[in-house]
Amino acid sequence: MFLINCPYCGERDQSEFSAGGEAHIIRPKQPTELSDDQWAEYLFMRKNIKGVQFERWNHAHGCRKWFNMVRDTSNDKIHAVYKMGEKPPIK
Amino acid sequence: MSKNLRITNNKFIDQTTRISFKFDGKTLYGFKGDTLASALLANNIHLVGRSFKYHRPRGIMTCGSEEPNAIVQLGNDPSMTEPNTRATEIELYEGLEASSQNCWPSVKFDIGAVNNFFSPLLPAAFYYKTFMWPANFWKLYEYFIRKSAGLGKSPTEPDKDIYDHRYLHCDVLVVGGGISGIMAAKTAAKNNFNTVLIDDKNILGGNTLFQQNECFKINNSYSNEWLKKEISTLNLFKNLNIKTRTSLAAYHSYNYLLARENLTDHLDFNEKKNKIRQRLWKIRAKKVIIATGAIERPLIFNNNDRPGIILSSSIKKYIDYYGVKCGQKISLFTNNDSAYETAISLSNSGVKVNSLIDIRDKTNSLIVTQAEKLGIKIHWKSTVVNTNGYKKINSIEIMKLSDDGTAVVESKTKEQCDCLGISGGWTPRVHLFTQSGGKLKFRDEDNVFLPDKSDLDQISIGSCNGDFELDDVIKNSVNLTNKFLKVNNNDYEKLEIISSKEIDKKNIWLLPSDKPLGKTKPFLDFQNDSTANDVKLALREGFKSIEHVKRYTTTGMATDQGKLSNMHALGIIAETAGVKMGELGTTTFRPPYTPLTFGAIVGRNVGKFFDITRKTPIHDWHVENKAEFENVGQWKRAWYYPKDNENMYDAVQRESKAARDSAGILDASTLGKIDIQGSDASEFLNRVYTNAWSKLEIGKCRYGLMLNEDGMVYDDGVTTRLSENHYLMTTTTGGAANVLSKLEDYLQTEWPELDVYLTSVTDHYGTVSICGPNSKKILSKLIPDLDLSDKKFPHMSFKSALIDNIKCRVMRISFTGEHSYEINIQSSYAKSVWEKCFEAGKEFNITPYGTETMHLLRAEKGFIIAGQDTDGTMTPVDLQMDWIISKKKYDFIGKRSLYRSDTIREDRKQLVGLLTENPNEILEEGAQIVAKTNKKPIEMLGHVTSSYFSPNLNKSIALAVVKNGKKLKGQKMFVPMKNKTINVTITDTVFLDKENKRLNA
Amino acid sequence: MLNYNPPINEAKNYSELKISEIEPITKINLRGKNRDFITKIGKELSIIPPSDPNTSSGNEKLNILWLSPDEWLVYSNDKIYLNERNALLEKLFDEISKVQLGSVTDVSDHWVMINLKGTKVFELLSSGCPFNFNNFKNSKGAVTQTLLNHIDVIIHNKNINDLNIFVRRSFCEHLWRWLNDSARFT
Amino acid sequence: MKNKYSIFSLIKNAFSYHENWQRAWRDPEPKKEYDAIIIGGGGHGLATAFYLAKKHNMTNIAVVEKGWIGGGNTGRNTTIIRSNYLWDASAGLYDHALKIWEGLSQELNYNVMFSQRGVMNLAHNLQDVRDLKRRTHANRLNGIDAVWLNTEEVKKFCPIINTSPNIRYPVLGGTLQKRAGTARHDAVAWGYARGADAMGVDIIQNCEVKGIKRKENGVEGIETTKGFIKTKKIGVVAAGHSSVIANMVDLKLPLESKPLQALVSEPVKPIIDTVVMSNAVHAYVSQSDKGELVIGAGTDAYVSYTQRGSHDVVEGTLKAILELYPIFSRMKMLRQWGGIVDICPDASPIISKTHIEGLYFNCGWGTGGFKATPGSGDLFAHTIANDEPHKLNADFNINRFVSGDLVDEHGAAAVAH
């Protein structure tokens, strides 16, 4: 069970959160302009990184805010959390 | 109790309180403070079980959680019996009943022992190589294999005990209450850390607790006396929480640990009642100090598994702590100094030590000299090559070792004994450390794996960190703890410590024998009966990885999870394969450290607390009126209201008819309700629904379909425009939470520019839905001053109203096709409003109906239920709801997906109506639909999603999805059932009132 | 007259622990982002909504609990009569929602308030709540949203060993039964 | 030629104290070049190699494995085998596998202990009933032996299930596939390895793939910890690590790798003689021939390659187990572990060519790949050998995520209304 530092509420047990997958996949502003391939890329294709990944989490049972997390998927170590719209603190 | 096996000058157990217990049906006696194992040994009972594969007689081998053999069935009540409990951990209580496992008819005469005779045919993994002929006989072979598998017996009735959970947050968690753990806990507590110290035994102190030996002294006292004083100071600290009988089960990442506290297992039956049996502590510690000690290793030689062969340190504990002699003529076999402590303890208690067989060359450490002084005979550079005695050891055979230790030389001598203590050195308990993700390093000089690197805030101290001698334990534990906690506790700085130092170290993983290996049985895993031969066979057959060998031979996979066997298996693999042990690595230690009761993991979340039950504010009325309930997600919804022994079918027919003929009333409180405010509310709805919202007039309602980004229907519901920038959205019952969370997601992440706020009001409102031609009259009785004319209050509109001065919102919307109203009122008044409606409707025979009737009524109208008529593969077009997709809107969730090459296909599965040729034949929901029945394989075109007998149309109706269904209207199809084929015709989805006349009736 | 049906309407006493459902009080959900919103609320309620996470503000009449950076729960200490509540709601709605400063929603019956009192309250909570109460315990006015026996709750540390727990109405009977079951072993 | 395993070989070897058993497979160094290389020495990869050699005469091939064969999900799953899938494409695929299972011990001369003890799927709400009945009807028409059981029949088939109507989610019925069952997971990997090795396939363990060398539109070979190995055809069967390999050639797959946990109890005498699965009350259980209850838990929602998951998942699963089998409360968890499963959005696998010539992927099996092992190997071998899919795996191509023509076994599961 992770101990997650919600950028708003502070450290909380993982059970209060829900995971939302890879971060920084921006919904295309003009979906109709995209080819089926490009749309599939947005919809389904994922890097699924083994290593440092940027991902979305929601403090679902707390403040209900979505935020981003930098986590190493090879050891589950959380390197940073940051608010939506903020730049990642780590490259 | 054999008097001569108990010494009386023992201070740890209460020899004044005699306890009676039963083993294998025989009444025996022990004392308060005994374990089942110590009491059995005191009764001269060694043989307690049979091994897994060969059914060899097995005895008590240890005194703790690493016990592989003394595994017994506890109790025989079908609900309270417990299989596979370790006799070495069971605290004796009055009336305890235990029995041997895996033997028939008895542990003394076990038919299964014939396997031992056939053992040459049963090498490791023999089962992969046989039982293949004839091919269909595996079922039969397996029947017999299964019968012989397993150890104890599962209970057959539900458990009556209660289990519980507790969360615990602390600064420092110390695991293990031996000497190093106690010093660490005291240091932490003294420095104001909120500290928890846990130990699996019923008393703190570990092995030092009974260490009364001249060779181990602190400040001129025996180490146990010094430690006792330390322990007595612990209760001074209010910030130190001590938990005994608490076993650390799992150490997960982020310093999340699970510990099982045993609260009643040691109590007698009367005291156990109505108490929590076990409590699982879910601990979140800022810092963790592991002080779990070490496990003594056995030695691997021919027939090293007979009852009476016991770990040397356990013999010491039995004599020093329990006052029990494991034998009258004890021999000891060792490769290190610790067996000498046992020899001295035995000698001091008046037990004859035949001799001590030491594989090392003569050594003269303090403790060895001490033992020699006591006149104990020592065979240096010797090994035991065989043991004799079937149900209990009666003699051993000793030979000299060659200089390189690979062979035995000279003549064999036989020595009578009734117990053999074995000591193969020590293995640090690094299990928790590795569970937490820590990496190990290997120390060559004494062949131990030690904690190395960890990402977590933790340390290991004491013998689990590889310090085996008293002075090292104290010095290093203190230093490590101080450094770890960033404190400077100098309490232990000036201790004068006497500690015997081991001078010589020697280890032989597989001791040589005078017989060829194939003729010997040197056991590694005592419970699973795997031998060194098995490991070597695996290597010969090409299984190289330690994990392969483990799985091929099952070494380390028994209920002790290899606590005694893993190191030797690794050693033998390394030796045989010619690789260094440090490079070989270990198998993964998986949680739990010792087997953990399912009940404890689940806690009180059983029975009525298995899952949350959600109830509507009108629930009690449904109960009072004998409703049957349907589970919808976590909600309890009234399903139907049987009258006078009606079955569901009859009740639903009656309810459905009443709703159309006069009036029906439904509790719709479970629908999700989301309050939407903000200047961009309309734009927001445009983006989340497929249809357009900007032009919806204030006071009007509109039905909306919500898609996933993949274009498939996700949810639906009616949304009402309450004012310019204020909407009330309804969702399906099951979709409510997901919809809100999805909408919040879009608002927060994709559209932060939108000025929109969402607030769930699902529970604030109770929703009473009345429908039928008389619903208007009923409502007018309830709210006389509300103008219900079609002009003032048309279909798909809403009004604020007062019922008895309480504000409510009335929507004129319909899911049944009838003239219908939904009254939303704050929950505390919902039941009262329901009752008022019921009262007002009495003259119209208002009939309460449940979800089943609601489903029937809407099916008559061809309205879909998301989740029943859709399954995550249906687009709005598939549902023949093209009209709801706005062509003007640039974008909405899922729009782009509707234009992919597969989603624009015209022959997708589409929602249609179905009528059976025989109007009385009701199709089964889920039944498949085909066009031809003769061609094989039969192509399935779709399936029935909803099906009912419509009392209002007096015929069976169904909704279905059918490939290219839109174009197949009027076509005949078949529904092939198991025993018959039903003829059907594809129709329009609307069966009743296609002109929607009833809405305004 | 319509009957008022409280969901629990009960109080239970245990040794050093009292669990009770509190009579109908007013609860209002507020959402808004900008400074004007905060100022307006402050003006209307004479209490400034707290901007620090996990805290509350209040006076003898009302409390405002922080729920998220743009969301607060207002609740009254005592029963407020319906007319008064409606007036308050209307006023807030007009001053906030209508002028697009944020949202104002009546959630009086969405949430049920259960009061826990006694020295054993935190022991009770620890049997089903992963939240770390070590600091919370000693900070009067602290607020947390977390899970209690898998149910979403808002917990307000009203006073020493005196907590108000808010739970959604449809869950409250289940939670109530669980709290009382837990109390047996606390 | 490999010596045949049988009771006679056991007796013969007993006389020489089992000193003379042959190696089950060689331990070769990689050759410079192979006709094809399979990345991933799990059951699927080894089966692919076996069928490439056996049915397509491709014997100059290698299986490269990062660790030890069968050490990934093959050795970590709960060994359930069934074919009662809803959609025609899935039913075709899994029943193809089931048919191979039925003769696999003989085909491999290795007892994989395929035990057709039946798999029962329980329904706990009305939508479950609809969905399971729908599946049963489809199965019947597809020639798959699944039947619907009412609650009494469920109880009769597995008496220890709590079928009381008073539990939170009562059992409303279930489906039973009698041909379904379990097999010994390790034996599957070892049997295929032994069989493939006998035909000349090189099984190279402790050999991690570090890169894929490209050549125009195709591939030239793989960079490994044991050096560069040349080949024109690469079949990737890396399960949870599929994306790691795909990322080497900048290929994105519709996969997320998540921890899936399982656990066993201590061994007890036979108490449950079938496999019971429940989706709504999430738990599935069987009992191994050793006596351990084998219990499958769920996946966590986040990507992780750590082979560990959250305790909450295990707790939730055991909670469900005790709801359905309250007699197990005093049983003890002996061991728990995790695997990494690669999950496709439609919960169906990918057995497919890619836009890169000579590069094939077999992945996305999610939580249910073990049951497909023989079929997956056979069809993937066909795809690699012929550079085009077999008709049974044609629907499981990567392009379905572009066109939208998913094989949605996910959506086919119940969505509460």
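On a predicted model such as this, the values are computed, not experimentally measured, just so you know. Side-chain atoms are counted along with the backbone in the values below, which use heavy atoms only and exclude waters and symmetry mates.
- Of the N and O atoms on the side chains of E16(C) and T119(C), at least one donor lies less than 3.5 Å from an acceptor on the other residue.
- Note that CZ of R614(B) and CG of D763(B) are 5.5 Å apart. Values are rounded to the nearest 0.5 Å.
- The CD1 atom of I276(B) sits 12.5 Å away from atom CG of N262(B), with the distance rounded to the nearest 0.5 Å.
- At a heavy-atom cut-off of under 4.5 Å, chain B is reached by D70(C) from residues 51-73 of chain C, listed in order of number.
- Heavy atoms of K836(B) lying under 4.5 Å from chain C belong exclusively to its side chain.
- Of residues 825-835 of chain B, those residues lying under 4.5 Å from chain C by any heavy-atom pair are I825(B), Q826(B), S827(B), S828(B), Y829(B), K831(B), S832(B), V833(B).
- Only the side chain of H726(B) comes within less than 4.5 Å of a heavy atom in chain C; its backbone stays farther off.
- Note: P130(C) leads G102(C), P130(C), S97(C), G32(C) in heavy-atom pairs under 4.5 Å with chain B.
- For K33(C), the NZ atom is densely surrounded, since the number of other residues' heavy atoms within 6.0 Å is greater than 12.
- Looking at E724(B), there are no atoms closer than 4.5 Å to chain C (heavy atoms on both sides), in backbone or side chain.
- Between L786(B) atom CG and C808(B) atom SG the span is 8.5 Å, to the nearest 0.5 Å.
- The stretch residues 6-27 of chain C participates, sequence neighbours left out, in no ring pair (Phe, Tyr, Trp, His ring centres under 6.0 Å) pair at all.
- Interface residues of residues 672-679 of chain B toward chain C, defined by a heavy-atom distance below 4.5 Å and sorted by number: D675(B), Q677(B), S679(B).
- Proximity to chain C involves both the backbone and the side chain of K608(B), based on heavy atoms less than 4.5 angstrom apart.
- Using a 4.5 Å cut-off between heavy atoms, S669(B) does not touch chain C at all.
- If you measure heavy-atom distances from L2(C) to chain B, the contacts under 4.5 Å come from both the backbone and the side chain.
- If you measure heavy-atom distances from W281(B) to chain C, you find no contacts under 4.5 Å at all.
- The greatest number of non-hydrogen atom pairs below 4.5 Å with chain C, out of T613(B), D620(B), L280(B), is found for T613(B).
- Proximity to chain B (any heavy atom under 4.5 Å) is restricted, for N83(C), to the side chain, taken from C-beta onward.
- In terms of non-hydrogen atom pairs under 4.5 Å with chain B, the most contact-rich of E123(C), K98(C), R184(C) is E123(C).
- Looking at N274(B), the atoms closer than 4.5 Å to chain C (heavy atoms on both sides) all sit in the backbone: N, CA, C or O.
- Within the 4.5 Å cutoff, no side-chain heavy atoms of K807(B) are placed close to those of L82(C).
- For D611(B), the part lying near chain C is the backbone, with the side chain staying farther off; criterion is any non-hydrogen pair under 4.5 Å.
- M729(B) contributes atom CE, which lies 9.5 Å from atom CG of L740(B) (distance to the nearest 0.5 angstrom).
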> For D161(B) and K272(B), what are the C-alpha separation, side-chain angles and deciding distance, and is it a salt bridge (charged side-chain N to carboxylate O under 4.0 Å, His left out)?
Replying inline: CA-CA 9 Å; D161(B) 268 323; K272(B) 282 185 213 280; over 6 Å; no
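- The environment of CG in L802(B) is crowded: more than 12 heavy-atom neighbours from other residues, nucleotides or ligands sit within 6.0 Å.
- No side-chain donor-acceptor contact under 3.5 Å links N157(C) and K140(C).
- Using a 4.5 Å cut-off on side-chain heavy atoms (C-beta onward), L758(B) and E744(B) make contact.
- Although no hydrogens or angles enter the test, the distance criterion places no donor-acceptor pair under 3.5 Å between the side chain of R284(B) and the main chain of Y167(B).
- With a 6.0 Å radius and a threshold of 12 heavy atoms from other residues, nucleotides or ligands, K781(B) has its NZ atom above the threshold.
- Of the two parts of C129(C), only the backbone, made up of N, CA, C and O, holds a non-hydrogen atom closer than 4.5 Å to a non-hydrogen atom of chain B.
- Heavy atoms closer than 4.5 Å to chain B are found in the side chain of N29(C), but not in its backbone.
- Remark: aromatic rings of W111(C) and Y75(C) are distant, center separation not under 6.0 Å.
- Taking chain B as the reference chain and counting heavy-atom pairs below 4.5 Å, the highest number among P7(C), S108(C), P24(C) is found for S108(C).
- The shortest side-chain heavy-atom distance between Y757(B) and L747(B) does not fall under the 4.5 Å cut-off.
- You'll find the side chain of W176(C) stays beyond 4.5 Å of the side chain of V112(C), heavy atoms only.
- Considering R277(B), R260(B), Q278(B) as possible partners of Y163(B), the one that fulfils the side chain to side chain donor-acceptor pair (under 3.5 Å) test is R277(B).
- A donor-acceptor contact under 3.5 angstrom links the side chains of Y727(B) and R721(B), judged on distance only.
- Contacts of F93(C) with chain B are made by side-chain atoms alone, with heavy-atom separations under 4.5 Å and no backbone atom involved.
- Taking 4.5 Å as the limit, some side-chain heavy atom of L258(B) sits within range of a side-chain heavy atom of K282(B).
- Contact of S760(B) with chain C is made through backbone and side chain together, with heavy-atom distances under 4.5 Å.
- Of the listed residues (N3(C), V107(C), N149(C)), the one with the most heavy-atom contacts under 4.5 Å to chain B is N3(C).
- Heavy atoms of I162(B) lying under 4.5 Å from chain C belong exclusively to its side chain.
- Looking only at side-chain heavy atoms (C-beta outward), T616(B) and H622(B) come within less than 4.5 Å of each other.
- For the options Q100(C), R169(C), H110(C), heavy-atom pairs under 4.5 Å to chain B are most numerous at H110(C).
- Per-residue counts of heavy-atom pairs under 4.5 Å with chain B were compared for N134(C), D181(C), L125(C), V104(C); the largest is that of D181(C).
- Looking at R604(B), only its side chain comes within 4.5 Å of chain C, counting heavy atoms on both sides.
- With a 4.5 Å cut-off on non-hydrogen atoms, R279(B) touches chain C through its side chain but not through its backbone.
- The distance from atom CG of D457(B) to atom NZ of K286(B), rounded to the nearest 0.5 Å, is 10.5 Å.
- In this structure, T767(B) OG1 and I823(B) CD1 are separated by 9.5 Å, a value rounded to the nearest 0.5 Å.
- With a 6.0 Å radius and a threshold of 12 heavy atoms from other residues, nucleotides or ligands, K117(C) has its NZ atom at or below the threshold.
- Proximity of a side-chain donor or acceptor of T732(B) to a complementary backbone N or O of G735(B) within less than 3.5 Å is detected.
- For chain B, the nearby parts of D106(C) are the backbone and the side chain; heavy atoms of each come within less than 4.5 Å.
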